[in-house]
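To keep things clear, I will list the structure first and then write my remarks on it.
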Amino acid sequence: MSLANTALLLGALTAGGGITGYIRTGSIPSVAAGVTVGLLYILGGLRIQNRNPYGVEFALLASLVLAGSSIPRAIKSGKPLPIGLSLLATFGLYTFGTAWQRGSARV
């Protein structure tokens, strides 16, 4: 899977998860965080796809934000949702961190 498709998929998952969290619980912070992180991933994915600068950096930023919010909650609560978000964040950190380090998606 390409970097652009990975970013777009993670964006859809996080934004969809935030919207689902709002529908299920009425949580405004859930929808705000999910959609914001999702939009960062999507913006990164579109920039990568169009060969614009900073696409990998936007996706990496989204992964950092997601990791910073979900990993502490996963450790503290041990609940499935924060653990799943932590896994997504870790995958994003590895994928986009490696791409950024190698400079493979830079224009």
Side-chain angles (χ1 to χ4, degrees):
M1 182 179 283
S2 72
L3 284 176
N5 288 340
T6 300
L8 294 171
L9 177 62
L10 290 176
L13 287 173
T14 54
I19 293 167
T20 302
Y22 175 74
I23 291 169
R24 291 179 65 204
T25 65
S27 170
I28 300 289
S30 179
V31 73
V35 170
T36 301
V37 170
L39 287 175
L40 280 172
Y41 274 125
I42 290 168
L43 178 61
L46 292 174
R47 293 187 72 81
I48 293 167
Q49 193 173 49
N50 294 323
R51 299 190 185 275
N52 291 328
Y54 304 114
V56 171
E57 288 84 349
F58 274 112
L60 184 57
L61 175 62
S63 298
L64 285 168
V65 171
L66 185 59
S69 65
S70 63
I71 291 174
R73 285 188 0 235
I75 292 169
K76 182 178 179 182
S77 71
K79 292 184 179 179
L81 182 60
I83 291 171
L85 290 172
S86 298
L87 292 173
L88 282 178
T90 302
F91 174 73
L93 286 171
Y94 175 77
T95 302
F96 300 113
T98 302
W100 179 78
Q101 186 178 24
R102 291 182 182 165
S104 64
R106 294 188 186 165
V107 174

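Note that the coordinates shown come from a computational prediction; the quantities given were computed from them, not determined experimentally. Note that the numbering runs from 1 along the sequence shown for the chain.
- One hydrophobic cluster, built from ILVMFWY side chains closer than 4.5 Å, cannot hold both Val65 and Ile28; they sit in different ones.
- Using a 4.5 Å heavy-atom threshold, the side chains of Tyr22 and Val35 count as separate.
- Linking Ile, Leu, Val, Met, Phe, Trp and Tyr residues whenever their side-chain heavy atoms come within less than 4.5 Å places Val37 and Tyr54 in a single cluster.
- Cluster annotation: Leu60 is connected to Leu88 through the hydrophobic network of ILVMFWY side chains, with a link wherever side-chain heavy atoms come within less than 4.5 Å.
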Test side-chain hydrogen bond (donor to acceptor under 3.5 Å, both in side chains) on Thr6 and Tyr41; report intermediate values, then the result.
CA-CA 9 Å; Thr6 300; Tyr41 274 125; over 6 Å; no
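- Between the Thr14 side chain and the Gly11 main chain, a donor and an acceptor come within less than 3.5 Å of each other.
- There is a path of hydrophobic side-chain contacts, each under 4.5 Å, that joins Val56 to Phe91.
- The minimum heavy-atom distance between Ser70 and Ala89, with the atom names listed, is OG-CB, 4.4 Å.
- At least one donor-acceptor pair under 3.5 Å links the side chain of Ser69 to the backbone N or O of Leu66.
- Separating the CD1 atom in Ile71 from the CG atom in Leu93 is a distance of 6.5 Å, to the nearest 0.5 Å.
- Here the shortest heavy-atom pairing between Ser30 and Gly17 reads OG-O, 4.5 Å.
- Ile19 and Leu13 are members of different hydrophobic clusters when ILVMFWY side chains are connected at heavy-atom separations under 4.5 Å.
- Test Leu43, Leu8, Asn5, Leu3 against Ile48 for side-chain contact (heavy atoms from CB on, under 4.5 Å) and you get one pass: Leu3.
- What you find for Ala62 and Leu40 is that their closest heavy atoms are CB-CB, 3.6 Å.
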Between Asn52 and Phe58, is the side-chain contact (heavy atoms from CB on, under 4.5 Å) condition met? List the steps.
CA-CA 11 Å; Asn52 291 328; Phe58 274 112; over 6 Å; no
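- The shortest non-hydrogen separation linking Pro53 to Arg47 is O-NE, 2.7 Å.
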